[in-house]
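Ligands are counted one by one from 1 in listed order, and the atoms in each one are counted from 1 as well. All heavy atoms count here, side chains included; hydrogens, waters and symmetry mates do not. Residue numbers count from 1 along this sequence.
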Amino acid sequence: MSCGLYAARSQLKVVMIEQLIHGGQASTTERIDNYPGFPDGAGGQELMDLFKAHAQKYGMEYRSGRVTGISADGPWRLVHLGNDTILTKTVAISSGSRPNKLNVPGEDVPNLAGDIATRPGVSYCATCDGPFFKDEVLAVVGGGDTALEESDYLTRFATKLHLIHRRDEFRGGPIFQDMVHKNPKIQCVMESVIEEVQGETAAENLVVKNVKTGDITNLPVGGLFVLIGATPNTEYLQGTLDLLPSGHVKTEKGYETSMPGVFACGDCRDAVYKQVVTSAGEGAAVAIDAVKYIAETTILDRTVWPKSSESEGVK
Ligand SMILES: Cc1cc2nc3c(=O)[nH]c(=O)nc-3n(C[C@H](O)[C@H](O)[C@H](O)COP(=O)(O)OP(=O)(O)OC[C@H]3O[C@@H](n4cnc5c(N)ncnc54)[C@H](O)[C@@H]3O)c2cc1C
């Protein structure tokens, strides 16, 4: 939506296509407390409504739909939506990602009610939700760089943190392992998996199984962070664009993908920062690059863009 806003304000004709509820991941969270300009926080859906209204004010057209693929035809880029195809000069891919879940009973515990309604029952983002968990005993599941680094970060708030990992050693790099081992608040629970998350309105007790001995223990906690990565929504791009082994869209020269004129921004490209502000920033950058791309291919390379009237549905 930030890309749409910037592109529309640059006098491009822009259509945004989005499946499901508008606003993506941000709209699924009760409250966003770290988006600049909102010192009292904002509801996730409320903030996304504002993003959408802002872009639409400058002429961005919004359509509900699922993109099934993109392709190229000379200088044109084609965006396929089942029965419909949109012909365009540039494409910004921002199809985001979905956090990997444990898929155990109780994981979908609802948010806490009452005056601390902003706490998620189970969190998938330490930067987003860590500050909601002051003076609690926390648990983190994971063993990669993110889980180790974020565990250390979470001890700024937690009184104690159990770091649960299914193997006997962490996959994360030695620097992060060292960070964890030197942190007196972190207790490593190795070769263990969570079998069940228990709690009425929050993760209050974890049923943990030692995969080697089969022993089951109960771990009382004040919060659970599942930091086992995210899966980018890029399946529909396989075979069309270069993707990283993680599935994220590969970009070079800033935000351009392996197909000229096709750019990528946000969580479908970025496996590190994964924030509303960083995704919105990348969206704005892509719009600036797209404006430049159109100007350069039109004037410098003298690409002959067919007149829009020659094709149905040209944008
Ligand atoms: C529970 C939760 C809480 C969070 N809390 C915070 C927070 O407090 N602060 C913060 O900064 N960040 C937070 N984040 C992270 C933040 O929401 C994301 O970093 C950000 O939304 C990424 O934006 P995006 O546009 O790249 O992708 P997304 O938000 O994932 O949006 C992608 C959109 O593309 C759509 N889409 C996917 N495939 C297709 C297709 N083929 N065709 C059409 N549409 C498609 C999706 O349905 C979705 O609407 C949170 C994330 C989650 C899951």
Write out the residue and atom name of the closest protein heavy atom to atom 10 (C) of ligand 1, then the distance separating them to 0.1 Å.
-> Q275 OE1, 3.3 Å
Connected to V211, directly or through other members, by ILVMFWY side-chain contacts below 4.5 Å are V193
Is any N or O atom of E18, backbone or side chain, closer than 3.5 Å to an N or O atom of ligand 1?
-> yes
Which atoms from ligand 1 have a heavy atom of S97 less than 4.0 Å away?
-> 30 (O)
What is the nearest protein non-hydrogen atom to atom 17 (O) of ligand 1, stated with its residue, atom name and distance?
-> A26 N, 3.3 Å
Nearest candidate to atom 12 (N) of ligand 1, where distance is taken over non-hydrogen atoms, out of T68, L81, N233, V276 | V276
So between G65, C125, G41, whose heavy atom ends up nearest atom 43 (C) of ligand 1?
-> G65
Identify the heavy atoms of L102 and E107 that sit nearest to each other, and give their distance.
-> N-OE2, 2.9 Å
Among protein heavy atoms, which sits nearest to atom 18 (C) of ligand 1, and what does the distance come to when rounded to 0.1 Å?
-> D267 OD2, 3.4 Å
D73 side-chain N/O to W76 backbone N/O, donor-acceptor pair under 3.5 Å = no
When you check the side-chain N and O atoms of E18 and Y62, is any donor under 3.5 Å from an acceptor?
-> yes
Any N or O of K274 closer than 3.5 Å to N or O of ligand 1 = yes
Identity and separation of the nearest protein heavy atom to atom 27 (O) of ligand 1 | G96 CA, 3.2 Å
Answer with yes or no whether the side chains of D152 and N183 bring together a donor and an acceptor at under 3.5 Å.
-> yes
Nitrogen or oxygen atoms of Q25 and ligand 1 under 3.5 Å apart = yes
of all protein heavy atoms, closest to atom 40 (C) of ligand 1 is V67 N, 3.7 Å
Only pairs under 3.5 Å count here: list side-chain donor-acceptor contacts from residues 222-230, not counting sequence neighbours, and write none if there are none.
none

Can you pull out the closest protein heavy atom to atom 48 (C) of ligand 1? Residue, atom name and distance to 0.1 Å, please.
-> G24 CA, 3.6 Å
Out of curiosity, does F38 fall in the hydrophobic cluster containing I32 (side-chain heavy atoms, cut-off under 4.5 Å, transitive links)?
-> yes
Within a distance under 4.0 Å of any heavy atom of G266, pick out the atoms of ligand 1 and give their elements.
-> 26 (O)
Return a yes/no value for D33: is any of its N or O atoms, backbone included, closer than 3.5 angstrom to an N or O of ligand 1?
-> no
Check whether any side-chain heavy atom of N205 lies under 4.5 Å from a side-chain heavy atom of V197, and answer yes or no.
-> no
If you draw a 6.0 Å radius around CD in Q11, do more than 12 non-hydrogen atoms from other residues or ligands fall strictly inside?
-> no
Report the part of C268 in contact with ligand 1, treating N, CA, C, O as backbone and CB onward as side chain, heavy atoms under 4.0 Å; options are side chain, backbone, both, neither.
-> neither
Taking everything shown except Y255 itself, do over 12 heavy atoms lie less than 6.0 Å from its OH?
-> yes
Atom 6 (C) of ligand 1: the protein heavy-atom neighbour that sits closest, reported with distance to 0.1 Å | C128 SG, 3.0 Å
For Y236 and ligand 1, answer yes if some heavy atom of the residue is under 4.0 Å from a ligand atom, otherwise no.
-> yes
Decide yes or no for H22 and D49: does some side-chain heavy atom of the first lie under 4.5 Å from some side-chain heavy atom of the second?
-> yes
Could you find the nearest protein heavy atom to atom 44 (N) of ligand 1 and give me its residue, atom name and distance?
-> Q19 N, 3.1 Å
Step by step, work out the salt bridge (charged side-chain N to carboxylate O under 4.0 Å, His left out) result for K134 and E136.
-> CA-CA 6 Å; K134 271 207 176 110; E136 296 280 10; over 6 Å; no
With atom 9 (N) of ligand 1 as the reference point, say which of T29, I70, N34 has the nearest heavy atom.
-> N34
